[in-house]
Structures are given as structure tokens and as C-alpha cells.
Amino acid sequence: FFDSDTMSTASTLRYEPIPCADINSDGIIDVPYQVEVLSSSVDPLAIDPSYIYITSWLNCYPDGGFETIENALVNFEDGYKIAISNEERYSIGLDKYPDINCWTVYEKNTETGEKIELYSLMTVTSDDFENTNYVPVLEYDGKTVYANIYQSGAEKGITADYIKQKVTKL
């Protein structure tokens, strides 16, 4: 990872202050690196998707080899992450709405380019949030993350329990 010519490690540059850590408790420090998530220009209200990254944590071995331990969409501001599989890295996209603390996760059909919204996550800090379309999936530090599963997500088998398994506190 280290470039002796530039005296830097650009390959592990991160856009949020995500530290190296032993995230899977195997005694090996995992190094996070980030790649841009799929972009979408469909929704003009969404933040520029080029500022949204998939964070992957790598086990780095003395022989120069490495292994991906986890991939996630990291919501550093709200303090949670969404685990994604290696396969999803190439089909999952995200629209971010910071004014309302909401992320919408979608799948992009690589053949047609169609964007299929799967679910939204909204972080709320008060107890008076009432919206029958959203269900709580994570509570921590006085915050609650609520999920709204779109019909297209439900048709793909996404449930509140599925999201609860994927969404964890940082």
C-alpha cells in the first residue's frame, strides 16, 4: 500500500475518519478503503452521489496478500453502517438526503441502467416520530434508525428483519 516515491498511502485514503480496527475479532487489524458507490442522476434532490463511498475492510497479510472482511455503506454522520455483500458492491447504489437524515438504497440493473429503490433509512432523535410506513431497525445513543421498504424491495424479499441484520452501530 505504501508508495515510497510519494511517501504516501493513497490506496487507503478515506473520506470519513474511519480508523483501522479489528472489526471481526480475529486478532488482525483490518484496513478500511473506499470506492465510489454507483451514481444516480435521477433525483435532483439527492446529494451528488460521487461523495458516497462503499467502505471495505481488508485483512492484510505479511506475504502481501489480503482478504476482504466486510463491505459497508457507512453513515458516519448518523453513526451506523449497512453491510453489503461482495456481489452487491457492483449493483447497490445510494441516494443521500442530509436535510432529513435519510438514505435510499437502490439496486441498479447493469443491463438497462434502471434504478430500483429497495428501502430508505431515516435517523430520528426524538420519540415523537410517527410514520406508519417506517419501522424501527436500530436504536442507539438516543437515536432511532427507521426503515421504509419499497414494494420493489419487498418483492426481492427484503424485510425489516433483513435490514436489522444489515444495519449496525459504528
Side-chain angles (χ1 to χ4, degrees), residues 14-19 21 23-25 30 32-57 68-170:
R14 296 177 290 282
Y15 301 93
E16 292 95 9
I18 301 169
I23 65 165
N24 62 345
S25 302
D30 304 305
Y33 77 99
Q34 294 182 307
V35 294
E36 214 174 297
V37 78
L38 289 174
S39 62
S40 166
S41 58
V42 174
D43 194 333
L45 298 176
I47 261 192
D48 180 352
S50 65
Y51 295 104
I52 302 170
Y53 300 89
I54 295 172
T55 302
S56 297
W57 282 266
T68 300
I69 300 304
E70 179 178 89
N71 300 300
L73 298 166
V74 176
N75 187 330
F76 189 77
E77 293 82 20
D78 289 333
Y80 69 86
K81 63 183 176 180
I82 307 166
I84 60 173
S85 69
N86 280 329
E87 294 78 28
E88 288 175 317
R89 286 184 56 195
Y90 304 103
S91 62
I92 290 292
L94 181 71
D95 285 331
K96 187 175 180 181
Y97 304 91
D99 293 344
I100 57 171
N101 294 338
C102 183
W103 281 16
T104 298
V105 178
Y106 63 86
E107 179 180 77
K108 194 162 192 177
N109 183 316
T110 54
E111 292 177 14
T112 66
E114 178 187 9
K115 177 177 139 178
I116 303 162
E117 292 182 331
L118 302 174
Y119 58 92
S120 287
L121 297 175
M122 182 178 290
T123 306
V124 178
T125 56
S126 67
D127 293 332
D128 62 353
F129 179 74
E130 290 184 28
N131 186 319
T132 56
N133 294 326
Y134 283 80
V135 295
V137 293
L138 178 66
E139 293 183 37
Y140 63 98
D141 301 337
K143 300 177 187 178
T144 303
V145 178
Y146 289 89
N148 176 30
I149 302 166
Y150 297 103
Q151 181 176 345
S152 52
E155 289 170 358
K156 291 184 173 288
I158 294 175
T159 64
D161 286 336
Y162 170 84
I163 295 172
K164 284 178 185 179
Q165 291 175 6
K166 293 176 92 49
V167 177
T168 56
K169 180 183 175 197
L170 285 178

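All values derive from a computational prediction rather than experimental measurement.
Counting all heavy atoms, side chain and backbone alike, N75 lies closest to L170 at O-CD1, 4.0 Å. Nearest heavy atoms, D30 versus I23: OD2-N, 2.9 Å. Minimum interatomic distance between A154 and I149 (heavy atoms only, all atoms of both residues): N-CG2, 3.7 Å. The nearest pair of heavy atoms linking I18 to P32 is O-CG, 3.7 Å. The two residues K108 and G113 make their nearest non-hydrogen contact at CE-O, 3.4 Å.
The backbone N or O of N133 lies less than 3.5 Å from a partner atom in the side chain of N131, making a donor-acceptor pair. Using a distance-only test at 3.5 Å, with no hydrogens or angles considered, a donor-acceptor pair links the side chain of E88 to the main chain of S85. Using a distance-only test at 3.5 Å, with no hydrogens or angles considered, a donor-acceptor pair links the side chain of S152 to the main chain of E117.
Under a cutoff of 6.0 Å and an axis angle of 45°, K81 and W103 do not form a cation-pi pair. A cation-pi geometry, defined here as NZ or CZ lying under 6.0 Å from the six-membered ring centre and within 45° of its normal, holds between K115 and Y106.
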Discussion item. Applying side chain to side chain contact (heavy atoms under 4.5 Å, CB included) to Y80 and V74, what does each step give before you reach the verdict?
Written reply: CA-CA 6 Å; Y80 69 86; V74 176; over 6 Å; no

Worksheet entry | side chain to side chain contact (heavy atoms under 4.5 Å, CB included) between N101 and T125, worked out | CA-CA 10 Å; N101 294 338; T125 56; 5.9 Å; no

Practice prompt. Apply the test side chain to side chain contact (heavy atoms under 4.5 Å, CB included) to residues Q34 and S56: give CA-CA distance (whole Å), side-chain angles for both, the deciding distance (0.1 Å), then the verdict.
Written response: CA-CA 6 Å; Q34 294 182 307; S56 297; over 6 Å; no

Discussion item. Salt bridge (charged side-chain N to carboxylate O under 4.0 Å, His left out), that's the test. Do K169 and E139 meet it? Break it down for me.
Written reply: CA-CA 9 Å; K169 180 183 175 197; E139 293 183 37; over 6 Å; no

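The stretch residues 152-164 participates, sequence neighbours left out, in these salt bridge (charged side-chain N to carboxylate O under 4.0 Å, His left out) pairs: E107-K156.
Using modelled atom types, one finds a donor on one side chain and an acceptor on the other under 3.5 Å when comparing T104 with S120.
Counting only heavy atoms from C-beta outward, the side chains of T68 and W57 never approach each other to under 4.5 Å. When side chains are defined from C-beta on, Y146 does not count as touching V135, because their heavy atoms never get closer than 4.5 Å. Between D78 and V145, every side-chain heavy-atom pair lies at or beyond the 4.5 Å cut-off. At a threshold of 4.5 Å between non-hydrogen side-chain atoms, the residues C102 and K96 do not count as touching. At a threshold of 4.5 Å between non-hydrogen side-chain atoms, the residues T55 and E70 do not count as touching. Using a 4.5 Å heavy-atom cutoff, the side chains of Y150 and L118 are not in contact.
One distance of note links CG of L94 with OH of Y53; it measures 12.5 Å at 0.5 Å rounding.
When the side-chain hydrogen bond (donor to acceptor under 3.5 Å, both in side chains) test is applied to Y134, no partner is found at least two apart in sequence or on another chain.
Each of I163, D95, I92, I84 was checked for a side-chain contact (heavy atoms from CB on, under 4.5 Å) with V105, and the lone residue meeting it is I92. Of the options I82, V167, T159, a side-chain contact (heavy atoms from CB on, under 4.5 Å) to Y119 is made by I82 and by none of the others.
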